[in-house]
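Below is one structure, written out as structure tokens; the observations come after it.
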Amino acid sequence: MLIETLETARDLGRLKEILGVLVRHGFGDTVRRLGLADKLERAGAKLHWHLPTDLARLEPPVQVRLALEELGPTFVKFGQILAGRADLFSPPWIAEFEKLHSNVPALPLDALRPQLRADLGGEPEEVFARFDPEPLAAASIAQVHRAQLHDGTEVVVKIRRPGITEIIEADLRLLQRLAALAEVELPHLRPFHPQELVREFARSLRRELDLAAECRNAERIAANLAALPYIMIPRVHWRYTGERINVQDFIAGVPGNALEQLTPEAGFDRQLLARRGALTVLKTIVEDGFFHADPHPGNVFYLPGNRIAFIDFGMVGRLSQRRRDELLHLLLGLVEPQPPTVAEVLLDWTSNAHAVSLSQLESEIEDFVDQYQGVPLAQLSLAQMLTDVTAILRTHRLGLPSDLALLIKAFITLEGMGRGLDPDFHMAAEAEPLLQQVAQARYTPRAVGRRAWQTLRRSLSTLEHLPEDLTRLLRNARRGRVQVHVEVAHLKRVGDQIDRSANRLAMALVIAALIVGSSIVMTVRGGPTLFGLPAFGFLGFLAAVVCGLWLVRAIWRSSHRGEDE
Ligand SMILES: Nc1ncnc2c1ncn2[C@@H]1O[C@H](COP(=O)(O)OP(=O)(O)OP(=O)(O)O)[C@@H](O)[C@H]1O
């Protein structure tokens, strides 16, 4: 099925390559279970079924890591994303995924020239006052060169590797199909939702391919942090920037992984840097809901005056207001600590949980948070707490939504970075005042009023569009295009209610008929009397009164039962 649906011969060639690597790294059995081995061999692929002894001795996480490395940039990036999913993978797997680095050799400038000429409208040496032919860094998607603008500004030029989009797109196509196949054929992988993982990954990788999008992200974060004078985000030079190239200010600072240079003699205060860095990123998460999703030391520079620069906004996280509120509750629940709040938020986040005893999960989370009761904030490790909480979710096979998994990973990296700068740094203690402040700001009368107004506006807009929506609905109904899916769980109850209503209606008709009939009989003179009134008319009225009382009682009782239910 997979082979038959491949779009190009190139895809088939790449598939053979991928499966060949998997087989060589000890996953022959998986390839067979996917039903691909025979077909590939028939299509001319030579698969090496015998695992070299040195590879056979390796643990599965190591084998997977080596296979991903050999498979190239797309798969290395995939592994790097999986490194953020502590909710799905146990620590030995995460440790291996974290080792993945895109060790790609740099392309010589001449290989980039045709693309640069097209994007810059001239040779780089003419467009810039100076252009360094040797790259500063080379990664899987792009490589970075230093240059100088004609006005003297020092810049870096990030150039997307020619042809990388086609390679990645082809790999993504194959990965998506393999994931679909795995979901059907490999039941033990189902809890990892392979298709969803690949879909999310494809979306984030495609965003990373657009180098202009990275700059838009940088500008948005710069605007959100404009009030913090000690934070620097490189300025974008839009004149030269596009999907395949971006140009931004060069940051001349101490790289985040050269901490030994941050000495007091050089004017650096490590404690202050740790606090400023962590609180800044925390603000972008809980207040702005738009944050650097990969705040590792390689993406940070420290500058004189204890300023901090962030670079590389290829991967950003977004959090809706609702998610931010939930996160705020979770973090406050952890640092205060309030076990039920933590359990409540986590259960909400994993609400698609089915094969789990919620009460058991709840009590496990509560027990976990409970052990921190009375522990001073300065001794709490927020990163450790989040790691442990995700481990609980993992043992229950409850994956987090991917935006939250990314966020938790960012948090853990953040605390690690803070500790790297200052061993006494405690995220929980530093974060608590900011969290309280943001929480309070959410509930000032003005903020509540603003949200109420927004809700009202949304409702009014829904009302405004109601006539059009109804017209569209009716038009579709007339054309027989409306499908109604009825939930049958309460159908029996609804049926009973209809039965009861019909009985009451029938009784009401009988009463009405008795009243009308008796009124007519009353007008007839002669015949037997009771209390001086025509007997049949009198009895008819009496029956109507009795039935009427019965009906009123039945309605009253059923409406009260309905309230109780
Ligand atoms: N504005 C800048 N100023 C100084 N150096 C920079 C700047 N931008 C990038 N660099 C250097 O280039 C390297 C790679 O840049 P960047 O992280 O943006 O690329 P990337 O392709 O996303 O790499 P990775 O995948 O490793 O994160 C950085 O680690 C840094 O050393």
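Only this structure's heavy atoms are used, side chains among them; waters, hydrogens and symmetry mates stay out. Remember, it's 1-based here, ligands and their atoms both numbered in the order they're listed.
Ranking the protein heavy atoms by distance from atom 1 (N) of ligand 1 puts D249 O, 3.0 Å first. Nearest protein heavy-atom neighbour of atom 25 (O) of ligand 1: K77 NZ, 3.7 Å. The single protein non-hydrogen atom nearest to atom 31 (O) of ligand 1 is F301 CZ, 4.3 Å, given as residue, atom name and distance. Nearest protein heavy-atom contact of atom 12 (O) of ligand 1 is A137 CB, 3.6 Å. In this structure, atom 3 (N) of ligand 1 lies nearest to the protein heavy atom I251 N, 2.9 Å. Annotation: atom 17 (O) of ligand 1 to nearest protein heavy atom, D312 OD2, 3.0 Å. Nearest protein heavy-atom neighbour of atom 20 (P) of ligand 1: K158 NZ, 3.7 Å. With hydrogens left out, the protein atom closest to atom 21 (O) of ligand 1 is A139 CB, 3.4 Å, a heavy atom.
Using a 4.0 Å heavy-atom cutoff, E154 is absent from the residues neighbouring ligand 1. Ligand 1 is never approached by G314 to a heavy-atom distance shorter than 4.0 Å. Taking a 4.0 Å cut-off on heavy atoms, I141 fails to register as neighbouring ligand 1.
Listed by number with element, the atoms of ligand 1 under 4.0 Å from a non-hydrogen atom of N299 are 17 (O). In summary, the atoms of ligand 1 found under 4.0 Å from a heavy atom of V144, numbered by their order in the structure, are 12 (O), 14 (C), 15 (O). Those atoms of ligand 1 with a heavy atom of G298 less than 4.0 angstrom away are 29 (O). Less than 4.0 angstrom separates some heavy atom of F250 from each of these atoms of ligand 1: 3 (N), 4 (C).
Of all the listed residues (L211, I311, V76), I311 holds the heavy atom that lies closest to atom 10 (N) of ligand 1.
If you check the side chains of H145 and Q143, you find a donor sitting under 3.5 Å from an acceptor. No hydrogens or angles considered: nothing links the side chains of T153 and Q148 as a donor-acceptor pair under 3.5 Å. Defined by atom type and a distance below 3.5 Å, a donor-acceptor pair is present between the side-chain atoms of D171 and T74. Using a 3.5 Å distance cut-off with no hydrogens or angles, the side chains of Q248 and N246 do pair a donor with an acceptor. Judged purely by distance below 3.5 Å, without hydrogens or angles, the side chains of H237 and D249 pair a donor atom with an acceptor atom. A donor-acceptor contact under 3.5 angstrom links the side chains of T165 and R160, judged on distance only.
Between R65 and E70 no salt bridge is recorded (no basic side-chain N to carboxylate O distance below 4.0 Å). Remark: D119 engages R244 in a salt bridge, criterion side-chain N to carboxylate O under 4.0 Å.
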* Please walk me through it: do F78 and L100 pass side chain to side chain contact (heavy atoms under 4.5 Å, CB included)? -> CA-CA 10 Å; F78 188 46; L100 285 165; over 6 Å; no
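Ring planes of F89 and F97: perpendicular class, angle over 60° (limits at 30 and 60°).
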